[in-house]
Amino acid sequence: QKDGFRFFMEKEIYEQSDVVSDCMLGRLKDEEILFDEIDKSLIDGINEIKICACGTSYHAGLTSSYLFERLAKVKCNVEIASEFRYKEPLLTKDTLFIVISQSGETADTLEALKMAKNAGLKSLVICNVDNSSMTRTANNTILTRAGIEKGVASTKAFSTQTVVLWMLALYFAKAKNVISKEKLQSEIHALREVPKSLKVLDKVHEKARRLSKRYLHGHGFFFIGRDVFFPLALEGALKLKEISYLHAEGYPAGEMKHGPIALADPELFTIALMPENLLYDKIKSNVEELSARDSTICAISPLDFELADDFIKTCKTDHYMLEFFEMLVVLQLLSMEISIRLGNDVDMPRNLAKSVTVE
Ligand code: F6R
């Protein structure tokens, strides 16, 4: 039931605007965020958040670490579950342990959750599947309400996870009394605009389709961004790798000069995430350096950028997270169109399974 779409992934990209609305339903009030499903005392005595996840869910976690620290003023660190399990981590009881998983079945994430529970930590699972192994294990669950995700490459699960985590950061901020009323209202206002930012615009899809034919060869891709656009860069690179089998890496833009820029040449494509509302001048100078070394630049930005070889224009907004979601859609479409042009099976890429239940 692809409803006229070529692949489930395409359908799921187009569904994001609606499922994110479902995800916020009943949870957004004018001046507060409600999560009736979690214990009222969940954040009492919590001084730190530890997030564990894998793959795309890890990228949602990494994105939220910027939001938790910025909005809720709570220390937050994020780990890949398979690393966390064997590092003999130090766990303290003032830490809230959050796991993020579309399926609720990923073996490493489930095991990390059990370790935290055994250590006596409060835990929360952000999950898309009710009654999964993780939701049965955790003390508290927030469901992402994305609906069944069939494409192996995760799309709508990621956008709903990120929205839940953004809301959770605000929920924390309000409970800890570290956010002004005006700031909270403006964040809630921005959250309400997310469905609009996730709507696929014909002209953006068409642009991605046209650009895709320029990017079938070459020796690789850099996806670069700063702040929350760094995890978004990781996610863009992962999507492309998974379904196109092309080599792609996501980097924090400021790291380029510490090594990766040595790879720059015209056959190295840089996908630059250049939001207007966050560190624009910083990312611009990072991209200029890559351009000076002859990397082919594809800029994604609401602002014109004269050095770009290719350009995908996003809409003007007044919040960087709205730019984040717009750029997410662009990255998803671009990787899908490249994969289609290469003749790959977009929904069932080689070597991958939808749910990784062995470590
Ligand atoms: C990427 C993707 C994987 C999953 C990862 C975790 O598109 O789908 O990277 O995100 O295997 O899966 P969940 O979220 O089910 O724990």
Side-chain angles (χ1 to χ4, degrees), residues 7-13 15-16 19 23 51-64 78-85 97-116 123-138 141-165 223 231-246 248-250 328-329 331-336 338-339 344-359:
F7 293 95
F8 283 110
M9 182 185 181
E10 186 173 40
K11 175 171 176 244
E12 288 160 5
I13 292 171
E15 275 172 2
Q16 290 181 109
V19 295
C23 174
I51 298 179
C52 258
C54 300
T56 288
S57 298
Y58 168 76
H59 298 154
L62 206 52
T63 303
S64 75
V78 192
E79 294 195 47
I80 290 179
S82 56
E83 285 300 308
F84 173 82
R85 281 179 69 180
F97 197 82
I98 302 181
V99 293
I100 309 167
S101 176
Q102 189 285 127
S103 61
E105 302 297 341
T106 301
D108 285 318
T109 311
L110 178 60
E111 219 38 58
L113 172 63
K114 287 181 183 162
M115 281 169 64
S123 60
L124 169 66
V125 50
I126 295 174
C127 191
N128 197 37
V129 181
D130 201 5
N131 204 22
S132 55
S133 302
M134 281 180 221
T135 63
R136 289 195 303 267
T137 305
T141 295
I142 298 177
L143 292 174
T144 46
R145 305 179 184 158
I148 295 172
E149 191 180 62
K150 287 215 165 150
V152 163
S154 185
T155 53
K156 60 180 182 170
F158 177 79
S159 41
T160 52
Q161 287 165 348
T162 307
V163 161
V164 163
L165 287 156
F223 286 71
L232 184 60
L234 292 177
E235 175 59 9
L238 180 65
K239 275 310 72 109
L240 187 67
K241 276 186 270 212
E242 282 182 286
I243 59 175
S244 75
Y245 322 138
L246 296 171
E249 294 302 331
L328 169 66
V329 172
L331 297 178
Q332 293 167 339
L333 292 170
L334 195 59
S335 59
M336 184 187 75
I338 290 174
S339 172
N344 299 342
D345 185 338
V346 171
D347 287 333
M348 302 248 279
R350 71 185 186 200
N351 307 342
L352 296 174
K354 183 65 189 159
S355 177
V356 184
T357 53
V358 289
E359 74 169 288

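Counting starts at 1 for both ligands and their atoms, following the listed order. Heavy-atom basis, side chains included; hydrogens, waters and symmetry copies ignored.
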V152 heavy atoms within 4.0 Å reach ligand 1 at atoms 7 (O), 8 (O)

Under 3.5 Å, is there a donor-acceptor pair between the side chain of D347 and the main chain of F7? no

Any N or O of S154 that comes nearer than 3.5 Å to an N or O of ligand 1? yes

Atom 3 (C) of ligand 1: of I126, T56, T357, the nearest heavy atom sits on T56

- Can any side-chain N or O of K241 pair as donor or acceptor with the backbone N or O of A248 at less than 3.5 Å? yes

Take a 6.0 Å sphere around CE of M348 and say whether it holds more than 12 heavy atoms from other residues, nucleotides or ligands. no

Taking only non-hydrogen atoms of K239 and a 4.0 Å limit, the atoms of ligand 1 in range are 1 (C), 7 (O)

In terms of its nearest heavy atom to atom 16 (O) of ligand 1, the top option of D108, V129, N128, T106 is T106

- request: Consider every N or O of S103 and every N or O of ligand 1, then say whether any pair is closer than 3.5 Å.
  value: yes

Checklist entry - Would you find a donor on one side and an acceptor on the other, under 3.5 Å apart, between the side chain of S339 and the backbone of I243? => result yes

Rounded to the nearest 0.5 angstrom, the CG-OG1 distance for D108 and T357 is 11.0 Å

shortest atom 11 (O) of ligand 1-to-protein heavy-atom contact is with V356 CG2, 4.2 Å

Could you tell me whether a side-chain N or O of E111 sits under 3.5 Å from a main-chain N or O of R85, the two making a donor and an acceptor? no

Numbered in order shown, the ligand 1 atoms found under 4.0 Å of a heavy atom of S57 are 10 (O), 13 (P), 14 (O)

Backbone or side-chain N or O of Q102 under 3.5 Å from ligand 1 N or O:
yes

- Run the numbers on T144 and K156 for side chain to side chain donor-acceptor pair (under 3.5 Å), then give the verdict. CA-CA 10 Å; T144 46; K156 60 180 182 170; over 6 Å; no

Atoms of ligand 1 under 4.0 Å from any heavy atom of E242, numbered from 1 in the order shown, are 1 (C), 2 (C), 7 (O)

Margin query: One pair to check against side chain to side chain donor-acceptor pair (under 3.5 Å): S133 and E105. What are the steps and the verdict?
Written below: CA-CA 6 Å; S133 302; E105 302 297 341; 2.5 Å; yes

of all protein heavy atoms, closest to atom 6 (C) of ligand 1 is C54 O, 3.4 Å

**Request:** Please verify whether a non-hydrogen atom of A153 lies at under 4.0 Å from ligand 1.
**Result:** yes

